[in-house]
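Quick notes on the structure that follows.
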Amino acid sequence: MTVSCEQIQMEMYERGLDHSRRLPVSFEDWEEEARKILARGPFDYVFGAAGAGDTLKANLAAFQKVQIRPRVCMDISKRDTSISLFGQTFPYPFLLAPIGVNSIVHRDAELAAARAAAKTGVPYILSNVSTTPMEQVAEAMGEAVRWFQLYPPKDEQLAKSFLERAEAAGYSAIVVTIDSTLLGWCEKDLANGYLPFLHGEGLGNYFSDPVFRKKLKQPLEENKLAACKLALSEGNNTCFTWRELDKLRKMTNLPLLIKGITHPDDALIAIEHGVDGIVVSNHGGRQLDGAVATLDMLPAIAAAVNKRVPLLLDSGIRRGADIIKALCLGATAVLIGRPYIYGLAVAGQAGVEEVLRHFVAQTELQLAISGKAKVTELDESVLARSRN
Ligand SMILES: Cc1cc2nc3c(=O)[nH]c(=O)nc-3n(C[C@H](O)[C@H](O)[C@H](O)COP(=O)(O)O)c2cc1C
Ligand SMILES: CCCCCCC(=O)C(=O)O
């Protein structure tokens, strides 16, 4: 049974009476706690963005520009935050975004995030560059819903192997990320000289893959750095075009989403190439600095796509209000990124659970106070026309 926003709020007020049990509430406080706990390299890796960070800032500003126009005296006693995607019903309109290398923020890494997602009923998208191999994460999640994110490697046999392993381990959709065929210019990481993959972090799926291991000139244990560099070079797949997407499409019957779309024309091309869903994303401002904010592009993409496939959105989701705004502008669901990683850094699985409970409560509360009882009733009429 799901808990209501009132129950979650009451529990938080009561727990707050006991100072020793307090956890952060706002995104900014989780971030600040994580900053205190983590070493500079890992913190900057998560916090940082490409270049001057203009896109990261634009993502957040785009949400502030949109305002909700509430209606009052509506019957909001029975609230429904559930959505349907690919024939499945999910209790909330959000999923956990694929975020790699969780081991740099907490020793339990992806296992903690995945367990928290499973416990809360939120689908988990496991990153291709997780530290924990996908089979171990699947085992920790039992029957809970999980999707697998792929950075398409240059080697098609390796791509096939990743997809086959994901399907065998019960991942029920594939998210192909296409905005990161080169590493972004992340100034903090360059200044810190910190790229976790070169330390062997985030390569659990590669190191456990038989196709990848066969490609190594020396056994992994004898030359780990060479293996790390090979994995990175597989992921830096600048030859990936729509033709390669066609090949991936043929490799799996699972629903396939493309992540990293910000242009309506690319959304249409992706549909022509058989994708089942689109994630409107600029990678949280970590790739192209100066790129458009995702929320700003959502209406044009939604108009072009015209409900042929579901749209998901990420980059800048910090609170329940952001989720409501994205849904009003045409998203079926959103992905939560940095907020849950800060929860993981601060308190492991319990921290991710807490962050997710806040999103659960806020989504329901914001929905209700907007005057709507179901998230599926949200549309542009709920917003004030004061964008830009
Ligand atoms: C530390 C970090 C690692 C990430 N790793 C991946 C990844 O492995 N695969 C992927 O598709 N996106 C990755 N992303 C991008 C997220 O999936 C998502 O698009 C982004 O976090 C959304 O922006 P936000 O966190 O500002 O809301 C990563 C983001 C961060 C912050
Ligand atoms: C092929 C390796 C790409 C790693 C990018 C990790 C990531 O998505 C991020 O840090 O952002």
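Values below: all heavy atoms of this structure, side chains included; hydrogens, waters and symmetry mates excluded. One is the number of the first residue; the rest follow in order along the sequence. Indexing begins at 1, ligand by ligand and atom by atom, following the structure's order.
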Next item on the list: Using a strict cut-off of less than 4.0 Å between a Lys/Arg side-chain nitrogen and an Asp/Glu carboxylate oxygen, indicate whether E221 and R213 qualify as a salt bridge.
Entry: yes
Check: Looking at side-chain heavy atoms only, is the closest gap between P339 and F359 below 4.5 Å?
Finding: yes
Item checked: Sub-3.5 Å N/O-N/O distance, G337 and ligand 1 -> no
Check: Hey, which of K214, K215, R165 is the one that makes salt bridge (Lys or Arg N to Asp or Glu O under 4.0 Å) with D209?
Finding: R165
Checklist line | side chain to side chain donor-acceptor pair (under 3.5 Å) involving K119 - partner list, sequence neighbours excluded | finding: E353
Check: Just by distance, do the side chain of D29 and the backbone of V25 share a donor-acceptor pair under 3.5 Å?
Finding: no
Note to self: Just to confirm my output: which protein heavy-atom neighbour is closest to atom 3 (C) of ligand 1, and how far is it?
What the structure shows: I99 CG2, 3.5 Å
Check: Heavy atoms only: which of C186, P98, P196, S127 is nearest to atom 16 (C) of ligand 1?
Finding: P98
Margin query: Is it the case that the side chains of T131 and S103 hold a donor-acceptor pair, with the cut-off being a distance below 3.5 Å and no angle test?
Written below: yes
Next item on the list: Check the side chains of S315 and N282 for a donor-acceptor pair under 3.5 angstrom, ignoring hydrogens and angles.
Entry: yes
Check: Where the closest heavy atom to atom 1 (C) of ligand 1 is concerned, which of R318, Q149, R286 has it?
Finding: R286
Check: In the protein, which heavy atom is nearest to atom 5 (N) of ligand 1, and how far is it?
Finding: G100 N, 3.1 Å
Would you mind listing each N/O atom of ligand 2 next to any protein N/O under 3.5 Å, plus the distance?
residue	atom	partner	partner atom	Å
ligand 2	8 (O)	Y151	OH	2.3
ligand 2	8 (O)	H283	NE2	2.8
ligand 2	10 (O)	Y45	OH	2.4
ligand 2	10 (O)	R286	NH2	2.9
ligand 2	11 (O)	H283	NE2	2.9
ligand 2	11 (O)	R286	NE	2.7

Notebook entry, point to check: A97 heavy atoms, cut-off 4.0 Å: which ligand 1 atoms fall inside?
Noted result: 17 (O)
Notebook entry, point to check: N/O of R338 under 3.5 Å from N/O of ligand 1, yes or no?
Noted result: yes
Notebook entry, point to check: Any idea which protein heavy atom is nearest atom 23 (O) of ligand 1, and the distance to it?
Noted result: G284 CA, 3.0 Å
Margin query: Closer than 4.0 Å to some heavy atom of K259 - which atoms of ligand 1 meet that?
Written below: 10 (C), 11 (O), 12 (N), 15 (C), 16 (C), 17 (O), 18 (C), 19 (O)
Next item on the list: Would you mind running through ligand 1 and noting each atom that sits below 4.0 Å from a heavy atom of V129?
Entry: 8 (O)
Notebook entry, point to check: Salt bridge check: are R338 and D314 linked by an N-O gap of less than 4.0 Å?
Noted result: no
Notebook entry, point to check: Charged N to carboxylate O below 4.0 Å: is that the case for R319 and E28?
Noted result: yes
Checklist line | side chain to side chain donor-acceptor pair (under 3.5 Å) against R15, all qualifying residues, sequence neighbours excluded | finding: E354
Check: Do any N/O atoms on V46 end up under 3.5 angstrom from N/O atoms on ligand 1?
Finding: no
Item checked: G316, any N or O under 3.5 Å of ligand 1 N or O -> yes
Next item on the list: Look at atom 19 (O) of ligand 1 and find which of L150, D314, L60 reaches it with the closest heavy atom.
Entry: D314
Next item on the list: Compare all side-chain heavy atoms of Y171 with those of Y124 and state whether any distance is below 4.5 angstrom.
Entry: no
Check: Can you check whether Y45 has an N/O within less than 3.5 Å of an N/O in ligand 1?
Finding: no
Notebook entry, point to check: When you measure from atom 11 (O) of ligand 1 to every protein heavy atom, which one gives the shortest distance, and what is it?
Noted result: T177 OG1, 2.7 Å
For residues 45-58, please give each side-chain donor-acceptor pair under 3.5 Å, one per line with the distance, not counting sequence neighbours.
residue	atom	partner	partner atom	Å
T55	OG1	L288	O	3.2
T55	OG1	G290	N	2.8
T55	OG1	A291	N	2.7
T55	OG1	A291	O	3.1
K57	NZ	A52	O	3.3

Checklist line | Proximity flag F47 to ligand 1, non-hydrogen atoms under 4.0 Å | finding: no
Notebook entry, point to check: If you measure only the distance, is there a donor-acceptor pair under 3.5 Å linking the side chains of S161 and E164?
Noted result: no
Next item on the list: Describe, in one word, how the ring planes of F148 and F162 are oriented to each other, choosing from parallel (under 30°), tilted (30 to 60°) and perpendicular (over 60°).
Entry: tilted
Check: In this structure, are over 12 heavy atoms from other groups packed under 6.0 Å from Q218 atom CD?
Finding: yes
Notebook entry, point to check: What's the shortest distance from atom 7 (C) of ligand 1 to any protein heavy atom, and which residue and atom give it?
Noted result: Y151 OH, 3.1 Å
Notebook entry, point to check: In ligand 1, which numbered atoms sit nearer than 4.0 Å to a non-hydrogen atom of S281?
Noted result: 19 (O)
